[in-house]
Amino acid sequence: MRIAAALLLALISTTTTIPASANAATTCGTVSAKVAMTAGGTADQRVAGTLCLPRGRAAGVQLLIPGGFYGQAYWQMRGDRRRPSFVETMTAAGYATLAIDRLGTGASSYPPSARFQQDTHRIVIRQLIRQLREGRLGGPRFTKVVLVGHSLGSTLARTLAAAHPAEVDGVILTGESSVPNEAAFEQMGAGIYRAADDPRFAGRGLDDGYLTTRPGLRADWFYHRPNADPEVIAADEAAKTTDVFPPGDSYTPPSINRSIQAPVLIVNGEHDKLLAGARSSSAALRSQEAPFYGPRARLEAIVVPGTGHVLNAHRTGFHWFAQAREWVDRRVGGAAR
């Protein structure tokens, strides 16, 4: 399957059955969840997503949270189109997945940017966790919820897991660490502009709080080119979305991480330009991060060689997918049998 087709899979409008392995079938359908932007507010917005259910009855679901300027399609990307995506890997192992477009991205609602508060994205994710546990999104009542984030999505995942530890059974953090490369983020900022100035989004009536990436930024900052397919990079550029970053620091300090009571797996690329900390080995990354976590996190870490910031889009992606699947089996469970 070409990567462009894989990206479109997450945006299908009808329920579909796709082969996830020789012995399992996965049913995927679109989700439109009503959510509020503030705690206790009116649920007047909608989050779009794709819920994939494995054969059998899964007790565990993974809520997949994309990073900045990415939507739910990130989790269906194949850096090596001969290999399964993250979603396909997990559903083949018997886990349900819900990949989402955060508010202001993809097929979700586009409220005025002034309505976003610093904690809006986290409040929305918490509502989705509740709806998954209550069986209100087209699947069963899930008893185990694992948050899987990328970049900004990882920040949101660990912040929520720290604030509401009883609501999360496991956390996978990718493309984020306790040592961000502040200088790189500042330089990258020059490649971000108003979505209204981008031909793809012009005419949609988006206010100045909606941003997107300039052409070429993704290839320059998110990829380790020697290990990335040019067709994948092109498809990534074609699938870019808008985003809204509420007022306040969007990066939550790692000091909160000791409040996380669920198992945690951290996965970063060896050549991630947006990280300044340990990337030489998995052991080094774990040593760097361990002081920020308590014993109940049972922290594990993986450094993926030859890989940049968008781990799913590199040829190495399937390696960490398999390792993450084994980690969920061992630390959380909940697969359909």
Side-chain angles (χ1 to χ4, degrees), residues 6 10 20-21 24 26 50 52-54 58-67 70 72-80 83-100 132 142 144-158 160-161 168-177 227 257 260 262-270 272 275 279 281-283 285-286 289-290 293 297-336:
S21 74
T26 300
T50 299
C52 290
L53 302 173
V61 62
Q62 298 176 22
L63 178 50
L64 312 180
I65 312 167
Y70 280 85
Q72 58 178 292
Y74 175 74
W75 303 102
Q76 281 286 7
M77 294 183 78
R78 293 176 171 184
D80 181 343
R83 306 284 187 167
S85 68
F86 183 90
V87 167
E88 291 167 331
T89 298
M90 290 302 177
T91 53
Y95 296 103
T97 63
L98 174 62
I100 63 168
L132 285 166
F142 295 105
K144 294 180 181 291
V145 178
V146 175
L147 299 182
V148 186
H150 173 249
S151 194
L152 172 62
S154 292
T155 302
L156 297 172
R158 65 179 175 82
L160 191 147
V168 179
D169 298 287
V171 186
I172 300 177
L173 308 174
T174 74
E176 195 231 39
S177 77
N227 211 8
N257 296 355
I260 299 175
V264 176
L265 173 65
I266 299 175
V267 186
N268 286 326
E270 178 189 16
D272 191 330
L275 302 180
R279 285 168 289 146
S281 70
S282 299
L285 178 59
R286 189 192 181 283
E289 300 299 317
Y293 291 88
R298 292 180 285 180
L299 182 68
E300 297 182 40
I302 299 170
V303 169
V304 186
T307 304
H309 185 61
V310 288
L311 294 96
N312 294 16
H314 285 73
R315 294 188 178 98
T316 51
F318 72 96
H319 290 296
W320 88 262
F321 300 163
Q323 290 174 283
R325 179 205 64 219
E326 185 276 333
W327 177 88
V328 177
D329 286 343
R330 178 165 43 86
R331 292 297 193 192
V332 183

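These numbers were taken from a predicted model, which means no experiment stands behind them.
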Exercise for the section: Using salt bridge (charged side-chain N to carboxylate O under 4.0 Å, His left out) as the criterion, list what pairs up with Glu176, not counting sequence neighbours. Expected result: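 Only Arg158 meet the salt bridge (charged side-chain N to carboxylate O under 4.0 Å, His left out) criterion with Glu176.
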Nearest 0.5 Å, what's the [atom1]-[atom2] distance between [X] and [Y]?
{"X": "Ile100", "Y": "Leu64", "atom1": "CD1", "atom2": "CG", "result": "8.5 Å"}
{"X": "Ile65", "Y": "Trp75", "atom1": "CD1", "atom2": "CH2", "result": "8.0 Å"}
{"X": "Met77", "Y": "Leu311", "atom1": "CE", "atom2": "CG", "result": "11.5 Å"}
{"X": "Ile266", "Y": "Tyr293", "atom1": "CD1", "atom2": "OH", "result": "4.0 Å"}
{"X": "Leu275", "Y": "Asn268", "atom1": "CG", "atom2": "CG", "result": "5.0 Å"}
{"X": "Gln76", "Y": "Thr97", "atom1": "CD", "atom2": "OG1", "result": "7.5 Å"}

Considering non-hydrogen atoms only, spot the tightest contact between [X] and [Y] and give its length.
{"X": "Val171", "Y": "Trp327", "result": "O-CH2, 3.6 Å"}
{"X": "Thr91", "Y": "Cys52", "result": "CG2-CB, 3.8 Å"}
{"X": "Ala96", "Y": "Ala58", "result": "N-CB, 4.1 Å"}
{"X": "Thr50", "Y": "Gln72", "result": "OG1-OE1, 2.6 Å"}

Contact between [X] and [Y] at the side-chain level, heavy atoms closer than 4.5 Å - yes or no?
{"X": "Ile172", "Y": "Trp320", "result": "yes"}
{"X": "Phe86", "Y": "Val148", "result": "yes"}
{"X": "Asn312", "Y": "His150", "result": "no"}

Could you tabulate the donor-acceptor pairs under 3.5 Å formed by side-chain atoms of residues 300-310, not counting sequence neighbours?
| from | atom 1 | to | atom 2 | distance (Å) |
| --- | --- | --- | --- | --- |
| Glu300 | OE1 | Arg330 | NH2 | 3.0 |
| Glu300 | OE2 | Arg330 | NH1 | 2.7 |
| Glu300 | OE2 | Arg331 | NE | 2.9 |
| Glu300 | OE2 | Arg331 | NH2 | 3.1 |
| Thr307 | OG1 | Pro305 | O | 2.9 |
| Thr307 | OG1 | Thr316 | OG1 | 2.5 |
| His309 | ND1 | Asp272 | OD1 | 3.2 |
| His309 | ND1 | Asp272 | OD2 | 2.8 |
| His309 | NE2 | Ser151 | OG | 3.0 |

Exercise for the section: Please check if the side chain of Thr174 supplies one atom and the backbone of Gly149 the other of a donor-acceptor pair under 3.5 Å. Expected result: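 Yes, the answer is positive, given that a donor and an acceptor are paired below the 3.5 Å cut-off.
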Handout entry: Trace of the side-chain contact (heavy atoms from CB on, under 4.5 Å) decision for Val328 with Gln62
Key = CA-CA 10 Å; Val328 177; Gln62 298 176 22; 4.0 Å; yes
Exercise for the section: Apply the salt bridge (charged side-chain N to carboxylate O under 4.0 Å, His left out) test between Glu88 and each candidate in Arg325, Arg83, Arg78; give the one that qualifies. Expected result: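 Looking at Arg325, Arg83, Arg78, the match for Glu88 under the salt bridge (charged side-chain N to carboxylate O under 4.0 Å, His left out) is Arg78.
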